[in-house]
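Written below as structure tokens is the structure these notes are about.
Proteins get letters first, then strands, A, B, ... in listed order; numbering begins at 1 in each. Fair warning: this is a prediction, and the values are worked out from it, not measured in the lab.
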Protein chains: 2
Amino acid sequence: MTRSEENYLKAIYHLSDTFDGGISTNAIAEKMKTKASSVTDMIKKLSEKELVNYRRYKGVELTERGKLVAASIIRKHRLWEVFLVDKLNFTWDEVHDVAEQLEHIKSEKLINQLDEFLGFPKRDPHGDPIPDKDGNMSDHADVLLVTLNKNDKGIIVGVKDSSSSFLKYLDKQGIALGKKIKVIDKEPFDNSMKIRIKKEEFTISQQIANNIYMKK
Amino acid sequence: MTRSEENYLKAIYHLSDTFDGGISTNAIAEKMKTKASSVTDMIKKLSEKELVNYRRYKGVELTERGKLVAASIIRKHRLWEVFLVDKLNFTWDEVHDVAEQLEHIKSEKLINQLDEFLGFPKRDPHGDPIPDKDGNMSDHADVLLVTLNKNDKGIIVGVKDSSSSFLKYLDKQGIALGKKIKVIDKEPFDNSMKIRIKKEEFTISQQIANNIYMKK
DNA sequence: TTCTTTTTTTAGATATAACTAAATATTAAT
DNA sequence: ATTAATATTTAGTTATATCTAAAAAAAGAA
């Protein structure tokens with residue numbers, strides 16, 4: 001498992017968190033700050049290793065093995081972030097670049113001893129959950145959509161208002177339980193927000209956002 | 001500075017510790033477990049970056065800048081070793097491979113905070129001195145040559161017996177203050193040892209080894 | 001000094017992971 | 001249903017760091 005392969009798996013894992021279905025070559029290229037042609041090459045390689053499923057022009061999805069590898073890298077990344085903040089007095093905004101390097105260190109013992117040394121933390125300094133040895137991650141806590149900020153992502157898990165007029169509105173917009181949302185922009189004046197579901201972007205009012213429960 | 005360049009600098013630094021003068025292509029190849037031709041390529045690269053001085057067929061020596069870079073990698077390696085043993089309950093024989101990876105993490109802040117977190121240790125778990133930020137290393141403590149074990153290295157810093165017959169013997173063998181010695185083998189039966197000075201190997205008795213002070 | 005052995009270097013090849021430019025496939029629009 | 005626009009892939013190139021095999025230089029022996 002090369003460093004580059006690990007970085008691609010991690011990128012695909014994070015993108016799958018925001019988008020349903022196959023992740024497009026271009027989306028990966030943008031995330032990895034590289035070119036689509038490079039992504040195509042790497043996808044072939046990961047596909048041969050059965051870490052992703054890949055259908056030409058249909059995008060990629062992680063296999064179970066792929067998910068496990070990605071989760072283990074995220075586990076390492078987040079544990080190192082806790083170490084940097086809790087033990088070495090880094091601030092939460094300084095940790096990312098260093099953790100990007102540390103996440104590629106290969107040693108089962110190292111990461112499990114580190115986990116213990118840190119007291120088996122459940123979340124990293126940004127509040128993101130830390131996967132355990134088996135790749136299981138405790139869920140994000142439920143919050144109202146209105147509390148999310150620009151660039152936050154989440155999954156719709158419930159509604160507060162169950163009136164038929166509200167639910168009809170949701171149906172019309174294609175908003176439903178299980179859908180993944182990313183907040184593209186938030187208007188401070190009236191708390192209306194531009195959100196993205198699948199590849200579609202549209203704006204919703206604060207009233208709407210106030211009645212949708214999300215898992216962050 | 002690539003990982004490979006760093007590893008070569010470190011290897012040359014360690015070899016310079018045991019041998020005087022230029023370090024040969026073959027010696028580096030052996031240490032790096034690679035081929036002489038690969039070493040030649042890398043030497044050219046390091047030479048262009050003025051990290052080593054290089055004369056065809058005469059071997060290489062680190063420049064001041066090269067020494068500084070090498071010392072900073074060794075500093076990182078040894079500090080991480082202390083971390084692994086002191087904080088994560090590794091045993092002294094488990095740390096090397098992981099430290100080989102950790103030594104390449106790039107972050108000034110990381111290594112200086114780690115240094116502080118560990119209480120500014122002076123030696124790693126094997127007793128080797130840890131260079132400070134400026135590449136300065138506290139000397140090894142003086143020991144009798146007889147106390148060294150197989151594969152240990154050191155510099156001759158003094159003699160206990162100053163009789164002319166002893167000193168004459170030393171002269172004849174080419175043993176003198178400042179010479180670098182590596183213990184090639186040690187015979188448990190009589191504590192005689194096969195040692196190497198420059199590229200010459202020979203055997204000395206316990207009486208001799210008992211009268212020579214070394215800096216490890 | 002000439003020959004042999006050892007050491008070192010060169011030349012050419014391979015693998016990884018990028019890139020650019022061009023070709024091809026898919027989706028969207030008229 | 002074509003055409004236009006977009007997305008993706010292919011082909012060919014580059015840089016790093018290796019390697020093998022062969023050539024060249026230096027050191028050692030006769």
May I have the distance from [X] (atom [atom1]) to [N] (atom [atom2]), rounded to whole angstrom?
| X | N | atom1 | atom2 | answer |
| --- | --- | --- | --- | --- |
| Glu5(B) | dA15(D) | CD | P | 15 Å |
| Met42(A) | dT9(D) | CE | P | 15 Å |
| Met32(B) | dT16(D) | CE | C1' | 14 Å |
| Ile43(B) | dT10(C) | CD1 | P | 11 Å |
| Ile28(A) | dA18(C) | CD1 | P | 13 Å |

Near DNA chain C, which residues from residues 48-56 of chain B have a heavy atom under 4.0 Å away?
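Within this stretch, Tyr54(B), Arg56(B) sit under 4.0 Å of the strand.
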Among residues 34-41 of chain A, which contact DNA chain C at a heavy-atom distance under 4.0 Å?
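Those residues whose heavy atoms fall under 4.0 Å from DNA chain C, taken from residues 34-41 of chain A in numerical order, are Thr34(A), Lys35(A), Ser37(A), Ser38(A), Asp41(A).
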Indicate yes or no: does [X] engage [Y] in a salt bridge with an N to O separation below 4.0 Å.
| X | Y | answer |
| --- | --- | --- |
| Asp115(B) | Lys133(B) | no |
| Lys49(B) | Glu5(B) | yes |
| Lys109(B) | Glu94(A) | yes |

Applying ring-ring contact (aromatic ring centres under 6.0 Å, His included), which residue pairs with at least one partner in residues 167-205 of chain A are found, sequence neighbours left out?
none
From C-beta outward on Tyr57(B), which listed nucleotide comes closest to its side chain: dA25(D), dA18(C), dT16(D)?
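My answer, after comparing the listed nucleotides, is dA25(D).
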Closer to the 5' end of DNA chain C via nearest nucleotide, is it Lys58(B) or Tyr8(A)?
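Per heavy-atom nearest nucleotide, the more 5' residue is Lys58(B).
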Answer yes or no: does a side-chain N or O of Asn26(A) lie under 4.0 Å from OP1 or OP2 of dT8(D)?
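For dT8(D), OP1/OP2 do have a side-chain N/O of Asn26(A) under 4.0 Å.
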Before you tell me yes or no, could you show the steps for Glu81(A) and Arg78(A) under salt bridge (charged side-chain N to carboxylate O under 4.0 Å, His left out), namely the whole-Å CA-CA distance, both residues' side-chain angles and the distance that decides it to 0.1 Å?
CA-CA 5 Å; Glu81(A) 286 194 344; Arg78(A) 293 182 178 165; 5.9 Å; no
Go through the structure and list residues passing side chain to side chain donor-acceptor pair (under 3.5 Å) with [X], not counting sequence neighbours.
| X | value |
| --- | --- |
| Asn7(B) | His104(B) |
| Lys150(A) | none |
| Lys106(A) | Glu6(A) |

When the aromatic ring centroids of Tyr8(A) and Tyr13(A) are compared, is their separation below 6.0 Å?
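Between Tyr8(A) and Tyr13(A), the centre distance exceeds or equals 6.0 Å.
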